[in-house]
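Have a look at the structure below before the remarks.
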Amino acid sequence: MSRFLLFLAFVAFTLTEVQSPRFGDEERRLFAPFVPLILGGAVLLLSPRLMRMPHAVVASPPVVWLLAYLGWVAATTVWSGNVAESAFALTILVLALLVGIGLSGLPTDLSMRAYVASAVVVSLMGWLALGAGQSAMLSDNPFIWRFKSILTHEQRLALMTGLAATFVMMWLTDREHGLSRRVLVLCSVLAVCLASLAATQARFFTAVSMLMILGVMIYRLRRDMGSTFLLLTLSGVAGACLMIIAATLLSRGDADGTLTNRIPIWLMTLDAIRDHPIVGHGLATFRFGAVDKWNWVPAHAHNMWLNAAFENGWPAALLLTIFFISTIRSGIAYTRAFGVLSPALVTSIYCMITGTMGITAGSNKLSPIYGLIILLICQEAREMALLRRITPNPRSSAGEAYPVSIVTTREAIRS
């Protein structure tokens with residue numbers, strides 16, 4: 001049942017990004033009501049577990065700060081320019097958190113696999129549809145060839161496939177199990193993710209993804225300096241060749257800028273934030289009424305913190321920052337305790353870097369990455385609690401001074 005509910009959760013997370021028929025305003029899509037229905041059904045089925053609310057999960061610092069962020073969002077909804085829209089978006093975020101708490105008993109690897117599977121399915125559906133002549137799989141910009149698959153925007157596909165490729169590299173370089181018979185499957189999955197990522201032509205997100213993949217490889221092979229040196233050399237040569245090829249084949253020219261387009265959006269957002277710096281304009285109001293004074297209204301602020309400050313004030317941006325810092329701290333403790341790289345740590349770093357140019361959390365709706373990180377922090381909190389129960393050591397800080405042999409209990413804890 002838990003695995004089925006995890007599958008339903010990722011269906012809901014993915015639907016938040018999928019193209020669907022629209023009615024009224026551009027952001028009002030017919031698929032939108034299915035997201036709270038699916039998550040609400042999952043919460044209903046998980047209600048017996050939620051009634052026995054796992055204290056270790058709810059009391060973990062990342063969950064506490066996420067609750068604080070959602071609490072502030074709920075409080076500022078009173079002043080929202082569109083209370084109904086804000087309440088709808090907040091309900092989805094709360095349901096996602098309840099699903100994460102209810103599924104905290106599942107291993108993090110299962111959530112990672114579900115996320116990667118979602119990214120692969122989305123990518124393959126797009127490539128198949130494109131092969132069948134469906135031009136809707138490409139960007140609406142007639143001057144630039146950019147792949148977006150069935151999602152609403154190519155940048156969303158880039159974010160999704162970039163993190164998925166990072167997870168695949170974590171499995172490929174897993175020193176605990178080595179390269180297993182799954183290596184061919186993993187390489188195929190990696191190829192699909194990287195091909196889709198390159199086809200989006202999202203330059204900043206592609207660069208961040210490559211850096212994340214390289215960082216994972218260095219971390220995994222750090223004890224073997226010879227292999228690491230060879231890896232860095234080959235990666236540098238391959239990266240230079242890919243950059244030359246990409247600059248030739250995937251050039252966007254002057255038709256579409258990146259930073260030059262974002263600076264005016266940031267300035268307009270800062271100007272709007274000054275009108276309501278504490279309570280904001282309301283969750284999910286970026287495109288609804290609060291920015292009517294602009295002749296051109298973008299989909300969002302193209303910056304995670306500015307978007308949060310616009311919607312719910314600077315306190316929301318601060319709480320969101322503390323949440324990510326707390327997640328990174330907990331991820332470091334998890335990595336030290338289990339001797340394996342924390343998926344929540346990797347996802348948080350990815351979110352914070354990409355959040356400077358796009359939206360991964362604190363937005364007007366749920367997203368696959370936002371839903372994933374909620375699941376991961378709840379699952380890692382449970383695994384850490386079980387680890388402390390097996391080897392209590394109150395004099396040591398979190399994740400430190402655990403005996404090396406405790407790593408052998410990881411699979412038992414995660415089962």
Side-chain angles (χ1 to χ4, degrees), residues 2 5-6 9 39 42-43 45-75 90-112 308 312 315-316 318-338 340 342-349 351-352 361-362 366 370-402 406 409-410 412-415:
S2 296
L5 293 179
L6 181 66
L39 293 178
V43 170
L45 293 174
L46 290 168
S47 56
R49 300 183 191 179
L50 293 172
M51 293 296 291
R52 304 187 303 270
M53 190 72 71
H55 179 268
V57 175
V58 179
S60 64
V63 175
V64 169
W65 285 111
L66 182 58
L67 285 170
Y69 168 74
L70 294 177
W72 176 260
V73 170
L90 176 63
T91 299
I92 294 177
L93 295 179
V94 172
L95 288 174
L97 178 58
L98 291 176
V99 169
I101 295 173
L103 295 178
S104 60
L106 293 176
T108 55
D109 277 351
L110 196 59
S111 295
M112 295 167 67
N312 302 106
L318 176 62
L319 289 171
L320 195 64
T321 303
I322 298 175
F323 161 69
F324 276 108
I325 293 174
S326 176
T327 303
I328 290 174
R329 286 174 56 89
S330 297
I332 292 173
Y334 182 94
T335 300
R336 290 174 176 172
F338 286 102
V340 294
S342 160
L345 173 63
V346 171
T347 307
S348 297
I349 294 174
C351 284
M352 292 194 72
L366 193 63
Y370 197 4
L372 172 69
I373 198 171
I374 290 175
L375 285 167
L376 292 177
I377 61 174
C378 293
Q379 291 164 356
E380 289 191 4
R382 170 190 169 271
E383 293 179 10
M384 286 293 291
L386 291 176
L387 181 61
R388 294 190 186 97
R389 189 181 305 171
I390 295 173
T391 58
N393 193 347
R395 292 180 298 177
S396 66
S397 59
E400 295 179 354
Y402 285 112
I406 200 60
T409 68
R410 176 172 173 250
I413 287 176
R414 296 164 67 116
S415 64

Rounded to the nearest 0.5 Å, what separates atom [atom1] in [X] from atom [atom2] in [Y]?
{"X": "L320", "Y": "L70", "atom1": "CG", "atom2": "CG", "answer": "9.5 Å"}
{"X": "I374", "Y": "S104", "atom1": "CD1", "atom2": "OG", "answer": "13.0 Å"}
{"X": "C351", "Y": "I328", "atom1": "SG", "atom2": "CD1", "answer": "9.5 Å"}
{"X": "L345", "Y": "I373", "atom1": "CG", "atom2": "CD1", "answer": "9.5 Å"}
{"X": "W65", "Y": "L318", "atom1": "CH2", "atom2": "CG", "answer": "7.5 Å"}
{"X": "I377", "Y": "L66", "atom1": "CD1", "atom2": "CG", "answer": "5.5 Å"}

For the backbone of T327 and the side chain of S330, can you confirm whether one donor and one acceptor N or O come within less than 3.5 Å of each other?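 Looks like no, no N/O pair under 3.5 Å.
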Check whether any side-chain N or O of T335 sits under 3.5 Å from a backbone N or O of G331 as a donor-acceptor pair, and report yes or no.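 Confirmed, T335 side chain pairs with G331 backbone.
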Using the side-chain contact (heavy atoms from CB on, under 4.5 Å) definition, which of the options T347, L103, L97 pairs with L375?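 For L375, the side-chain contact (heavy atoms from CB on, under 4.5 Å) test succeeds with only one of T347, L103, L97, which is L103.
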Can you name the one residue among I101, L5, V94, L50 that meets side-chain contact (heavy atoms from CB on, under 4.5 Å) with V43?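 Result for side-chain contact (heavy atoms from CB on, under 4.5 Å) with V43: L50.
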Can you name the nearest heavy-atom pair linking [X] to [Y], along with the distance?
{"X": "A42", "Y": "V99", "value": "CB-CG2, 4.0 Å"}
{"X": "T108", "Y": "E383", "value": "N-OE2, 3.6 Å"}
{"X": "R49", "Y": "G102", "value": "NH1-O, 3.3 Å"}
{"X": "M112", "Y": "P343", "value": "SD-CG, 3.4 Å"}
{"X": "A56", "Y": "A381", "value": "O-CB, 4.1 Å"}

In chain order, what residues pass the side-chain hydrogen bond (donor to acceptor under 3.5 Å, both in side chains) check against [X], with sequence neighbours excluded?
{"X": "S47", "answer": "none"}
{"X": "S342", "answer": "E380"}
{"X": "S111", "answer": "Q379"}

Does Y334 reach the side chain of V340, with side-chain heavy atoms less than 4.5 Å apart?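 Yes. Closest side-chain heavy atoms under 4.5 Å.
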Is the shortest heavy-atom distance from the side chain of L39 to the side chain of L366 under 4.5 Å?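 SC-SC contact between L39 and L366 confirmed.
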